Structures are given as structure tokens and as C-alpha cells.
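Please read all numbers here as calculations on a predicted model, not as lab measurements. Chain naming here is simple, since letters A, B, ... match the order of the sequence lines and numbering starts at 1 in each. Side chains included, hydrogens not; waters and symmetry mates left out as well; all remaining heavy atoms used.
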2 protein chains.
Amino acid sequence: MTERPLQLLSGPTPERRDAARNREALLEAARAMVEQCGVDAVTMDAVAAAAGVGKGTVFRRFESRAGLMAALLDFREREFQTSVLRGPPPLGPGAPPLDRLLAFGEGRLRYNLEAAQLIGAAGRAGRRSAGVASFSAQHIAFLLRSLDVGGDVGYLAAALLAPLENVVLDDPATLADYPLERSISGWADLVRRVVGRVGDADTGSLARD
Amino acid sequence: MTERPLQLLSGPTPERRDAARNREALLEAARAMVEQCGVDAVTMDAVAAAAGVGKGTVFRRFESRAGLMAALLDFREREFQTSVLRGPPPLGPGAPPLDRLLAFGEGRLRYNLEAAQLIGAAGRAGRRSAGVASFSAQHIAFLLRSLDVGGDVGYLAAALLAPLENVVLDDPATLADYPLERSISGWADLVRRVVGRVGDADTGSLARD
DNA sequence: ACCCTAACCGGACCACGGTCCGGTTAATTC
DNA sequence: GAATTAACCGGACCGTGGTCCGGTTAGGGT
């Protein structure tokens, strides 16, 4: 009976060295393939072969194709979250709440459009990692409270987030085919209405109907 | 050179009789399988076999699995659209615009939750048929104009639609796990803010935070 | 009643995501 | 440094969505 001693300080021996090497090689191979051939061309067999590794290994490390994509996405997502939490204003802390909110909308929109293919391929796995959606929703909710918005702030935040995230849906529908500029100013208008400060800044010269 | 005569009155000879029979058999088989075993269990081979038909035929008729699901969905979608366009108030015409808008939100929400699995499986094909998303967006836009809402009404409509449709995303995120009641009243609150009639009716007794 | 052609049918075939298990190798202990 | 053990590796294997092409059939024209 070889009972393993408690190793509180050494950590949970998280990964063997060869495993780490392989994870690295796989991520790099996948990244390269995405960059060169687009997300759709990234096949599990191909990335395994490119990394000089068996297919089973890829699934062991990343669980599924979606998981692999999520791992690729993770880096960018962290980057975004960091610039919200600790970056320069108006996206980061320091600016007035409304400015931060509008900056968040634009930033998230750009992010989603840029990473659209990856996000789509990552599916639900992409959101799971680090609770992506809930981060955004909670941030919006926090800003809404700072603006003394009453009512069900949690739902309002989620509802405001939806049109930003929806751009990504492969759905050829409505939101996807608005040009970026129009989405940004449209969302800003929406937010001002929700917050109750309608005439505050440029609603732009948008037609009244 | 056997040139086909113009047949303006007889129509474009749309379908051969056996083809029609097969389409019917396939739809019925698929419907039954969905009802008994759930959407995921509906495999193309299985539905082909159940209809006593080759697999190629299924793809000829419905293009893809998503297309088949879209065809199944089509019936319900028409039903919904009809009750919006010609049904009884407040969903149908006759009620004041704001009432119709709120009724639309609730109706669409219920519809999306009820048909969630099917909608997910139909993917973009589900929206394509009869321009589903654009119908909803245009209806909302119409009601907003009736309420004298200014600004970019097209975008506002799409943005209001997003949190209703998003419920369906397999995404475990934010919007999906609000209970129906809370979504309904939350959306109603959102709409009143956008329209500019905040105190009009029951915002409910929702906590201020 | 016969023929002609276009449309249709079906199942063999392919690619890709995902699973499994026997052999291999890294870390740890003595 | 040898033995032990647990984790890892890899490629053969499976199910499913989707394609393709040779044989078949419906239906109009003569």
C-alpha cells in the first residue's frame, strides 16, 4: 500500500514533460494551420500529423476539436479581459462608467468579428474557458449599477451583451450584415436609451426612420 | 431540337409523383423519430431506412441534415408568423403597438424554447427558409416606428431580437439560464426603456440590485 | 402503344470527429 | 541505478454526414 504523501507545496504534479512538449507542439501547429489555411481546413488528423503525434494524443489534451479551438482562443480572450480590467481608459478603469460601457461595446464587437471563425468553431467550449460570457455580462452589470440603472440589472446586462455576441452566429440573419460602424453607433444608442441618457452625445446623423 | 413550349399556366412541373411521395414519407419518418427519440437520434441513414428509401434521396430532397430539420421546423414557423400577421390581439393586429411588442417578445421566447433542439439542429438553414429572422426583425421595426421611436430603428429591432433568439444557443452562458418568467419581464423592461415609456406598467417588484 | 429524355433513385464510397486498448515512457522510491 | 507504477502515446477502428455515378422510371410527344 504505497500511499501518496500529501504534497501541498509541490502542487498536483500537473503534467509530464513529454506531455507538455506535445501540448506546445500541437498548439503551435494548429495556430499555424489556422493562419495559413483558415479554421475550416484544420483537421484533427492534420494537426496531429503536423505535430508529429498520434491522433489520440490530440483528443487526450484538448478533448475535442472545439476544445482545441477554445485553447487557441484562450490567449486572445485573456488579452481582452486584461485590457478591460487593467488597461488604459476608456476601456479600462478610470473613465466615467458610460464611456467605459460604450468602449466595451466597441471593443467586444471588434474582438468578436476578428475572431469570428475561431469562436464559431470553439462553440460552447470557447465560452466555458474562464467563464467568458459571464465575465462580459458581469462587467456590463457592474457598469450599469455604477450608472444607477434600476430594475433587473443582471438580465439587462445579458440582453445588452446579446447583440454584440450574436454577430458571430453563422446565421446570415439580421445583425451579421450591419457594417461595423453602424453596429457601434446603433449599440451606443441602445445603451443610452437603457441608461436613460438619450441626448448625451452624438447619436450621429442617423435618419429618423 | 425539341424546344419546350412556354407553359405559363401549368406551372414549372415542380415535382415528379414518386418524388413527392418520398418527400412525404421522409418528413413523416423524421417527425416520428424526433418525437420518439429526440433530435440527436435522428440520423440520415436511419430516416432513409425508415422511409424505405436510399440515403442519396434524402440529401437530394433536403440538401443536408440541417435542411431536413429546417423543413420540419417550417410548419411551426409558419404557424407563428400567421398568428402574428393574422391572429388575435395582442399578438396579432388590433392591439396598441406596445402591447403587441410585448406579446411578440413573450411569444417568440416561448416558441424558441419549445423548438430549441430543432432550431439548433437546423442551424442557418432554419433561418433561411422564408427569411425567418428578417421577418421578426421587420415586425419589431414596424412596431417601433408605430411608437415613434427615432434613431436607427433597423438596428434597434435587430438588437431587441437578439436576446430572444440567443436563448437557443447551446451556449451554457448568461441568457440561457434565466427562467422564462424573468426573461419575459426583463425583456419587457428593456423594451420600455428603448421606447421611452419606463413607468407605464408593471416593472414587477424586482430588486434594485 | 411506343420511344425518348430528363429527372430520380439507391447504395457504394469518402472524409472527418471521436473512442479504445496494448505497448511505451517518464517520474518516484528504495 | 534498478524496479515500480501511473500516466501517456499512437494508430487501428467506428459512426455519421455528405458525395457520386450507373441503372431505373415517370411522363410527354408522336
Please list, in numerical order, the residues of residues 42-60 of chain A that have a heavy atom closer than 4.0 Å to any atom of DNA chain D.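 Here the set is A:Gly52, A:Val53, A:Gly54, A:Lys55, A:Gly56, A:Thr57, A:Arg60.
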For DNA chain D, find the residues of residues 17-24 of chain A with a heavy-atom distance under 4.0 Å and give them by number; none if there aren't any.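 A:Asp18, A:Ala19, A:Asn22 - these, ordered by number, are the residues of the stretch whose heavy atoms sit under 4.0 Å from the strand.
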Could you go through the side chain to side chain contact (heavy atoms under 4.5 Å, CB included) check for B:Leu101 and B:Trp187 one step at a time? CA-CA 10 Å; B:Leu101 193 45; B:Trp187 196 77; 4.2 Å; yes
Starting at atom [atom1] of [X], determine the distance to atom [atom2] of [N], rounded to an integer number of angstrom.
X: B:Arg65; N: D:dG15; atom1: CZ; atom2: P; value: 17 Å
X: B:Arg61; N: D:dG18; atom1: CZ; atom2: P; value: 17 Å
X: A:Asp40; N: D:dG18; atom1: CG; atom2: P; value: 14 Å

Considering only residues two or more places apart or on different chains, which pairs with a residue in residues 51-76 of chain A satisfy ring pair (Phe, Tyr, Trp, His ring centres under 6.0 Å)?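 Listed by first then second residue: nothing to list.
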Please list all pairs passing the ring pair (Phe, Tyr, Trp, His ring centres under 6.0 Å) test where one or both residues lie in residues 87-125 of chain B, with sequence neighbours left out.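 Sorted result for residues 87-125 of chain B: B:Phe80-B:Phe104, B:Phe80-B:Tyr111, B:Phe104-B:His139.
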Just to verify, what does A:Arg65 make a salt bridge (Lys or Arg N to Asp or Glu O under 4.0 Å) with, not counting sequence neighbours?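 Expected list: none.
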Does the side chain of A:Arg100 reach to within under 4.5 Å of the side chain of A:Pro93, using non-hydrogen atoms?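 Yes. Closest side-chain heavy atoms under 4.5 Å.
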Listing request: all side-chain hydrogen bond (donor to acceptor under 3.5 Å, both in side chains) pairs with a residue in residues 28-38 of chain A, at least two apart in sequence or in separate chains.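 Checked against side-chain hydrogen bond (donor to acceptor under 3.5 Å, both in side chains) - neighbours excluded - the pairs reaching residues 28-38 of chain A are A:Glu28-A:Arg31, A:Arg31-A:Glu35.
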Under 4.0 Å: is that the gap between some side-chain N or O of A:Arg16 and OP1 or OP2 of D:dA6?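 A:Arg16 to D:dA6 OP1/OP2: no side-chain N or O under 4.0 Å.
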Between B:Ala95 and B:Pro90, which heavy-atom pair has the shortest distance, and what is it?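 Taking B:Ala95 first and B:Pro90 second, the nearest heavy atoms are CB-CA, 3.7 Å.
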Distance only, no hydrogens: is a donor on one side chain within 3.5 Å (strictly under) of an acceptor on the other, for A:Glu165 and B:Asn166?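 No, no side-chain donor-acceptor pair sits under 3.5 Å.
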